[in-house]
Amino acid sequence: MSVASLHAHLAAGATHTCYCWALTRRDGLTLGFTDHDQLIHFDGINFVPECGLSARALASTTGLSVNNTEALGVLQSDAISEADIDAGRYDGAQVTIWLVQWDDPDARQVRFTGTIGEITRASGGFQAELRGLTDALNQPQGRSYLRDCNAVLGDTRCGFDLSDPAFSVTAPIAAVQDAHVFRFDAVSGFDDQWFDAGALEVILGDAAGLREVIKLDQTVDGDRIITLWQPIRAIAKPGDLVRLTAGCDKRAATCREKFANFINFRGFPDIPGDDWLASVPRSNGNTSGGSRSR
């Protein structure tokens with residue numbers, strides 16, 4: 001990539017430039033688009049024209065306010081489909097936009113890098129908010145002193161290996177009700193509520209790659225019944241393969257007894273409560289102190 005070549009071309013007066021932008025979903029699929037009338041290829045991506053997709057002028061700001069723009073497009077089954085938007089496959093997708101000399105794609109410059117924010121649809125089209133890198137700086141930072149753990153089960157701070165067969169299982173769906181109640185007849189050997197607060201991820205099927213949090217796990221007449229907090233936002237049907245992952249309620253006792261991972265517990269189970277702050281000295285009874293852990 002030669003930014004200097006692009007600048008020299010722009011200084012010449014008569015320019016041959018266009019915008020190219022790549023969109024990478026969380027499932028790894030990358031799509032390329034351009035406002036030029038011919039296909040452009042670089043970085044292993046084909047940027048296709050006539051896709052019904054365009055970006056408005058980029059807006060940059062100073063300070064920590066969010067740089068943003070908007071992308072306008074027409075819903076097309078071979079590019080960006082309404083079903084994929086409804087399923088949330090584009091939520092948080094990575095976006096990179098280049099200014100490119102179309103007759104020499106090596107002469108280009110990145111003009112925007114960020115993610116897709118809110119997506120709205122109307123009249124066969126869609127409008128997507130593009131959020132710049134400074135948006136991440138507006139997120140809360142630091143830790144809070146709480147009794148419960150603030151790590152995500154299985155992340156680097158937790159350190160627990162969820163690939164252990166005792167904490168995850170892959171099985172076909174036996175029945176689905178309203179896209180949020182799933183029945184399995186091939187899941188056994190786990191205690192009731194073992195998967196509470198865990199995750200259901202579709203492995204094979206039209207909803208492959210989608211994941212939702214489990215609200216309730218119970219056994220009824222020998223079958224496993226999994227209820228989600230929110231419905232899967234695509235069609236999941238009997239026979240589709242899903243992975244169930246055990247859940248954690250963030251309590252110290254659960255970390256110690258269920259996962260044997262208390263060494264990585266990220267909460268403060270012995271933090272004094274309001275009643276301790278209001279306590280007063282006394283002269284009778286056991287006043288030798290002692291451990292608060294029992």
Side-chain angles (χ1 to χ4, degrees), residues 24-29 83-94 115-116 139-140 146 148-220 223-262 264-267:
T24 303
R25 304 189 325 197
R26 288 181 293 180
D27 59 7
L29 176 66
D84 284 344
I85 291 178
D86 286 342
R89 298 188 188 275
Y90 291 95
D91 294 352
Q94 298 290 323
T115 58
I116 286 185
Q139 304 304 314
L146 303 172
D148 294 339
C149 179
N150 64 359
V152 177
L153 180 64
D155 70 3
T156 55
R157 297 177 63 236
C158 170
F160 189 79
D161 183 9
L162 287 173
S163 64
D164 188 325
F167 297 93
S168 64
V169 62
T170 301
I173 300 172
V176 185
Q177 179 182 346
D178 299 329
H180 79 287
V181 179
F182 294 75
R183 181 173 63 82
F184 300 88
D185 54 17
V187 176
S188 59
F190 298 95
D191 295 338
D192 271 0
Q193 300 181 321
W194 189 255
F195 298 103
D196 280 4
L200 180 150
E201 180 181 3
V202 183
I203 305 300
L204 292 176
D206 294 338
L210 299 185
R211 175 188 177 98
E212 292 293 344
V213 178
I214 296 173
K215 176 182 180 181
L216 180 63
D217 164 35
Q218 55 189 336
T219 301
V220 178
D223 292 339
R224 203 84 187 191
I225 307 298
I226 299 292
T227 304
L228 306 180
W229 282 102
Q230 295 183 351
I232 287 284
R233 293 190 289 172
I235 297 176
K237 55 185 181 297
D240 288 354
L241 197 63
V242 305
R243 178 184 293 114
L244 302 176
T245 304
C248 178
D249 60 9
K250 309 298 184 180
R251 297 187 304 117
T254 301
C255 187
R256 180 174 54 247
E257 298 166 11
K258 181 175 181 179
F259 299 99
N261 192 44
F262 191 67
N264 290 323
F265 186 72
R266 301 298 177 175

Using every non-hydrogen atom in the two residues, find where [X] and [Y] come nearest and quote the distance to one decimal.
X      : Y      : value
Arg211 : Glu201 : NH1-OE1, 3.6 Å
Pro172 : Gly239 : CB-O, 4.2 Å
Gly247 : Phe259 : O-CZ, 3.4 Å
Leu204 : Asp240 : O-CB, 3.3 Å
Asp91  : Arg26  : O-NE, 3.1 Å
Cys248 : Ala197 : O-CB, 3.9 Å

Student check: side-chain heavy atoms of [X] and [Y] closer than 4.5 Å:
X      : Y      : value
Leu29  : Arg89  : no
Ile232 : Leu200 : yes
Cys158 : Asn264 : no
Leu216 : Gln218 : yes
Val242 : Phe184 : yes

Could you state the interatomic distance from [atom1] ([X]) to [atom2] ([Y]), rounded to the nearest 0.5 Å?
X      : Y      : atom1 : atom2 : value
Asp249 : Thr254 : CG    : OG1   : 3.5 Å
Arg224 : Leu244 : CZ    : CG    : 8.5 Å
His180 : Glu212 : NE2   : CD    : 11.5 Å

Measure up the Trp194 and Phe190 rings against each other and bin them: parallel (under 30°), tilted (30 to 60°), perpendicular (over 60°).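 Plane angle between 30° and 60°, so tilted.
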Parallel, tilted or perpendicular: which fits the ring planes of Phe160 and Phe167, with parallel below 30° and perpendicular above 60°? perpendicular
Looking at Asp148 and Lys250, does any basic side-chain N land under 4.0 Å from a carboxylate oxygen?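 Salt bridge flag = no for Lys250 with Asp148.
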Walk me through it: do Val213 and Leu228 pass the test side-chain contact (heavy atoms from CB on, under 4.5 Å)? CA-CA 6 Å; Val213 178; Leu228 306 180; over 6 Å; no
Please collect all side chain to side chain donor-acceptor pair (under 3.5 Å) contacts where either partner lies in residues 163-178, sequence neighbours excluded, each pair once. Asp161-Ser163
Any pair counted as side chain to side chain donor-acceptor pair (under 3.5 Å), so long as it reaches residues 183-192, sequence neighbours left out: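 For residues 183-192, and leaving out neighbouring residues, the side chain to side chain donor-acceptor pair (under 3.5 Å) pairs sorted by first residue read Arg183-Asp223, Asp192-Thr219.
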Can you tell me if [atom1] on [X] sees more than 12 non-hydrogen neighbours from other groups inside 6.0 Å?
X      : atom1 : answer
Lys258 : NZ    : yes
Ile235 : CD1   : no
Gln230 : CD    : no

Quick check: does any side chain N or O of Arg266 sit under 3.5 Å from a backbone N or O of Arg157, one acting as donor and the other as acceptor? yes
Would the distance check show the side chain of Asp217 and the main-chain N or O of Asp196 forming a donor-acceptor pair, the cut-off being under 3.5 Å? no
